[in-house]
Amino acid sequence: MSVVTRAAVDIEKPPPRARGWPRARIVGYALVGFWILFGIGIAVYLVYAWNGEFFARYAPAYLQGLGTTLALVAISMVLGALFSLPVTYARMSKNRYLSVLAYCYVYFFRGTPLLVQVYLVYYGLGSFRVQLESVGLWWFFRDAFNCGVFAFALNTAAYQAEILRGAIESVPRGQWEGAASLGLHKLQTLRKVILPQAFIVALRPYGNELVLMIKASAIVAIITVYDLMGNAKLAYAKSFDFQAYVWVAIVYLVMVEILRHGVEWIERRITIHLMR
């Protein structure tokens with residue numbers, strides 16, 4: 001065996017299996033143990049602090065708030081997805097003015113807190129009541145729920161535009177050239193070739209954005225929207241029972257876990273052709 005062959009064999013050998021208890025493993029087990037104990041502690045607290053009267057009184061309000069939260073997130077995500085399409089086009093456009101305008105929009109909504117944006121819409125636009133009434137839009141902006149949807153849609157549109165832009169740009173340029181050689185025009189190429197591949201790349205970031213929107217939806221409670229968090233605040237103000245917030249945390253956690261597993265299931269289904 002030549003020296004080159006021996007060197008190649010030495011390089012291809014797998015690394016030795018780690019033995020003992022390295023620091024990373026100890027820290028990992030410690031964190032897992034902490035969260036297990038934390039979960040057990042919450043369960044024990046809920047068992048001993050169970051208040052049937054509290055549950056019977058406020059459970060319907062929690063369900064109503066959950067419906068408001070889901071409606072807020074769903075409408076905002078759909079409107080944001082629709083608005084992100086022209087923003088993505090403008091960001092990728094060779095037209096300098098369109099590109100700069102879209103960049104400023106994305107920069108503002110990704111660079112400022114969502115809480116500030118909600119305030120700007122609810123209190124800022126609310127100060128222009130006369131002007132909004134003159135153009136027939138006051139009926140929309142006088143409702144706190146509509147203001148929340150408007151602010152959330154603008155915010156998530158900026159994030160979704162960047163997700164979509166990055167996913168499209170991740171598709172190799174050869175895909176466009178191959179589709180053009182088959183006689184497909186740009187719109188057909190985008191719909192039949194580019195977007196299906198880009199969707200695989202964008203699915204996980206879209207799922208993360210949806211999770212962030214669900215958790216951020218609690219912000220609308222500060223502008224008098226009785227969503228899940230708003231009803232929890234109302235329940236605590238009337239009962240001074242801490243489990244009002246424990247239950248709402250559990251509901252948010254369940255929603256996030258269901259969504260996470262749903263995104264993973266969809267990802268497995270659409271990438272089955274990539275599995276070996």
Side-chain angles (χ1 to χ4, degrees), residues 61-62 64-93 95-165 205-206 208-238 245 248 252 255:
Y62 273 54
Q64 184 179 1
L66 176 61
T68 302
T69 296
L70 294 177
L72 172 71
V73 174
I75 297 173
S76 301
M77 287 294 294
V78 172
L79 294 178
L82 294 176
F83 188 56
S84 68
L85 297 178
V87 176
T88 303
Y89 173 80
R91 286 281 284 127
M92 301 179 67
S93 175
N95 187 309
R96 181 179 179 182
Y97 298 102
L98 281 178
S99 179
V100 170
L101 186 63
Y103 174 81
C104 292
Y105 169 82
V106 171
Y107 181 83
F108 175 80
F109 281 97
R110 295 183 68 194
T112 57
L114 180 57
L115 177 61
V116 174
Q117 297 165 21
V118 172
Y119 276 152
L120 288 175
V121 173
Y122 184 68
Y123 294 109
L125 294 179
S127 62
F128 296 95
R129 176 175 179 175
V130 177
Q131 291 80 358
L132 291 174
E133 285 180 343
S134 64
V135 295
L137 291 177
W138 176 244
W139 66 269
F140 181 86
F141 289 103
R142 70 181 180 183
D143 189 291
F145 179 82
N146 294 339
C147 290
V149 168
F150 186 74
F152 274 58
L154 292 178
N155 178 272
T156 189
Y159 283 93
Q160 291 189 48
E162 288 300 286
I163 291 172
L164 184 57
R165 183 178 68 89
Y206 269 122
N208 294 338
E209 174 63 14
L210 184 54
V211 168
L212 292 175
M213 287 288 289
I214 289 177
K215 293 188 291 185
S217 64
I219 291 176
V220 297
I222 63 176
I223 58 171
T224 69
V225 176
Y226 288 102
D227 66 329
L228 187 58
M229 187 62 185
N231 280 286
K233 290 176 60 178
L234 185 62
Y236 181 78
K238 292 181 177 180
Y245 291 117
V248 77
Y252 277 115
M255 285 194 295

Say you draw a straight line from [atom1] of [X] to [atom2] of [Y]; how long is it, rounded to the nearest 0.5 Å?
X: Ile214; Y: Tyr252; atom1: CD1; atom2: OH; answer: 9.5 Å
X: Tyr62; Y: Met229; atom1: OH; atom2: CE; answer: 9.0 Å
X: Tyr159; Y: Leu114; atom1: OH; atom2: CG; answer: 8.5 Å
X: Met92; Y: Leu98; atom1: CE; atom2: CG; answer: 13.5 Å
X: Leu120; Y: Cys147; atom1: CG; atom2: SG; answer: 11.5 Å

Quick note, salt bridge (Lys or Arg N to Asp or Glu O under 4.0 Å) partners involving residues 67-81, not counting sequence neighbours, are none
Requested in this report: With the side chain counted from C-beta on, respond yes when Leu70 and Met255 share a heavy-atom pair under 4.5 Å apart, and no when they do not.
Outcome: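 In contact.
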**Prompt:** Any side-chain heavy-atom pair from Ile222 and Leu115 closer than 4.5 angstrom?
**Reply:** yes
Review point. For atom OH of Tyr89, is the number of surrounding heavy atoms from other residues, nucleotides or ligands below 6.0 Å larger than 12?
Key: no
Item to check | Greater than 12 external heavy atoms within 6.0 Å of Phe128's CZ | outcome: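 Open: at most 12 neighbouring heavy atoms sit under 6.0 Å from CZ of Phe128.
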Please give me the minimum heavy-atom distance between [X] and [Y], naming the atom from each residue.
X: Phe141; Y: Leu125; result: CE2-CD1, 3.4 Å
X: Val220; Y: Ser217; result: CG2-O, 3.0 Å
X: Met77; Y: Leu210; result: CG-CD1, 3.6 Å

task: Applying ring pair (Phe, Tyr, Trp, His ring centres under 6.0 Å), name anything that partners Tyr245, two or more places apart in sequence or on another chain.
output: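 Listed in chain order: Tyr236.
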Tyr123 meets the ring pair (Phe, Tyr, Trp, His ring centres under 6.0 Å) criterion, sequence neighbours left out, with Tyr119
Item to check | Which residues share a side-chain contact (heavy atoms from CB on, under 4.5 Å) with Tyr107, sequence neighbours left out | outcome: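 Scan of Tyr107 (side-chain contact (heavy atoms from CB on, under 4.5 Å), adjacent residues dropped) gives Tyr103.
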Q | Residues in side-chain contact (heavy atoms from CB on, under 4.5 Å) contact with Asn208, at least two apart in sequence or another chain | A |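 Asn208: side-chain contact (heavy atoms from CB on, under 4.5 Å) contacts with Arg204.
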Contacts satisfying side chain to side chain donor-acceptor pair (under 3.5 Å) that involve residues 218-232 (not counting sequence neighbours) are none
When the side chains of residues 149-158 are checked against the rest of the protein, which donor-acceptor pairs come out under 3.5 Å, sequence neighbours left out?
{"residue": "Asn155", "atom": "ND2", "partner": "Phe109", "partner atom": "O", "Å": "3.3"}
{"residue": "Asn155", "atom": "ND2", "partner": "Gln117", "partner atom": "OE1", "Å": "2.9"}
{"residue": "Thr156", "atom": "OG1", "partner": "Gln160", "partner atom": "NE2", "Å": "3.0"}
{"residue": "Thr156", "atom": "OG1", "partner": "Glu209", "partner atom": "OE2", "Å": "2.9"}

Any sub-3.5 Å donor-acceptor pair from Thr69's side-chain atoms to Gly65's backbone N or O?
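Here the side-chain-to-backbone pair exists.
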**Study point:** Any donor-acceptor pair under 3.5 Å from Ser99 side chain to Arg96 backbone
**Key:**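 No; zero donor-acceptor contacts below 3.5 Å.
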Residues passing the salt bridge (charged side-chain N to carboxylate O under 4.0 Å, His left out) test with Arg165, sequence neighbours excluded, are Glu162, Glu169
Residues passing the side-chain hydrogen bond (donor to acceptor under 3.5 Å, both in side chains) test with Glu133, sequence neighbours excluded, are Arg129
Would you give me the side-chain donor-acceptor pairs under 3.5 Å for residues 78-88, sequence neighbours excluded?
{"residue": "Ser84", "atom": "OG", "partner": "Gly80", "partner atom": "O", "Å": "3.4"}
{"residue": "Ser84", "atom": "OG", "partner": "Ala81", "partner atom": "O", "Å": "2.7"}
{"residue": "Thr88", "atom": "OG1", "partner": "Ser84", "partner atom": "O", "Å": "2.6"}
{"residue": "Thr88", "atom": "OG1", "partner": "Ala161", "partner atom": "O", "Å": "3.4"}

